[in-house]
Amino acid sequence: MALRIAWIKSQVDEKAKERAEGTVLSILEKRLMAARICRAKPSDARMDNPDCELVMTKMGPVALFPSKAAMIKIDNDLAGEGSEAKGNDAMAELLKRLRK
């Protein structure tokens with residue numbers, strides 16, 4: 001059990017270091033990205049738009065926005081309203097207890 005607790009603490013430290021170094025998007029950044037994609041007009045899809053995904057077709061690459069329904073689900077989960085929210089809350093509670 002002590003090894004498991006030590007491993008979880010190391011993972012928390014690793015995530016904190018990544019966030020401090022800017023390699024991990026904050027929840028706010030993720031939610032803003034989801035909102036931007038949901039509000040985007042199809043005509044805004046371009047190769048140089050960072051919110052677009054490049055999809056290979058027979059006629060070459062095409063810029064497409066990710067699914068708006070998927071973005072709404074992600075936003076719900078990040079807001080604590082979706083199906084993954086309970087699992088995220090449980091993990092946060094476990095990490096909180098381990099830090100004591």
Side-chain angles (χ1 to χ4, degrees):
M1 181 70 164
L3 287 174
R4 178 77 175 146
I5 291 172
W7 179 82
I8 291 173
K9 284 183 178 180
S10 75
Q11 295 299 303
V12 170
D13 292 342
E14 179 82 22
K15 293 295 180 191
K17 184 179 175 184
E18 288 176 1
R19 178 159 287 148
E21 293 172 354
T23 60
V24 175
L25 293 174
S26 70
I27 290 174
L28 177 59
E29 288 173 308
K30 292 173 188 175
R31 293 192 71 197
L32 289 171
M33 184 183 295
R36 213 173 36 246
I37 290 169
C38 285
R39 293 183 178 118
K41 298 177 283 189
S43 60
D44 293 337
R46 296 180 312 276
M47 297 286 197
D48 64 340
N49 187 329
D51 292 331
C52 290
E53 298 174 344
L54 296 180
V55 178
M56 289 305 294
T57 67
K58 290 180 181 179
M59 299 190 340
V62 176
L64 298 174
F65 285 107
S67 162
K68 291 182 184 205
M71 291 296 103
I72 291 168
K73 181 187 180 316
I74 288 169
D75 185 62
N76 282 341
D77 290 340
L78 292 170
E81 301 165 359
S83 61
E84 296 177 19
K86 290 180 185 172
N88 291 341
D89 290 344
M91 182 58 115
E93 182 61 31
L94 172 64
L95 294 174
K96 187 171 143 185
R97 288 181 191 172
L98 290 172
R99 288 183 180 145
K100 290 183 180 179

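Not measured: the values here are computed from a predicted model.
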Smallest separation among heavy atoms of Phe65 and Pro42, with atom names:
CE1-O, 4.5 Å

Of Arg31, Lys68, Arg36, Arg39, the one forming a salt bridge (charged side-chain N to carboxylate O under 4.0 Å, His left out) with Asp75 is Arg31

Return the OG to CG distance between Ser26 and Leu32, rounded to the nearest 0.5 Å.
7.5 Å

Could you tell me the separation between the CG atom of Asn49 and the CD1 atom of Ile37, rounded to the nearest 0.5 Å?
8.5 Å

Got a sec: does the CZ of Arg46 have more than 12 other heavy atoms crowding it under 6.0 Å?
yes

Residue pair Met71 / Pro66: nearest heavy atoms and the distance that separates them:
CE-CB, 4.0 Å

Minimum heavy-atom distance between Cys52 and Ala45, given as atom pair plus value
SG-CA, 3.5 Å

If I compare all heavy atoms of Val62 with all of Met47, which pair ends up nearest, and what's the gap?
N-CE, 4.1 Å

Would Ile27 end up clustered with Ile74 when hydrophobic side chains under 4.5 Å apart are linked, directly or stepwise?
yes

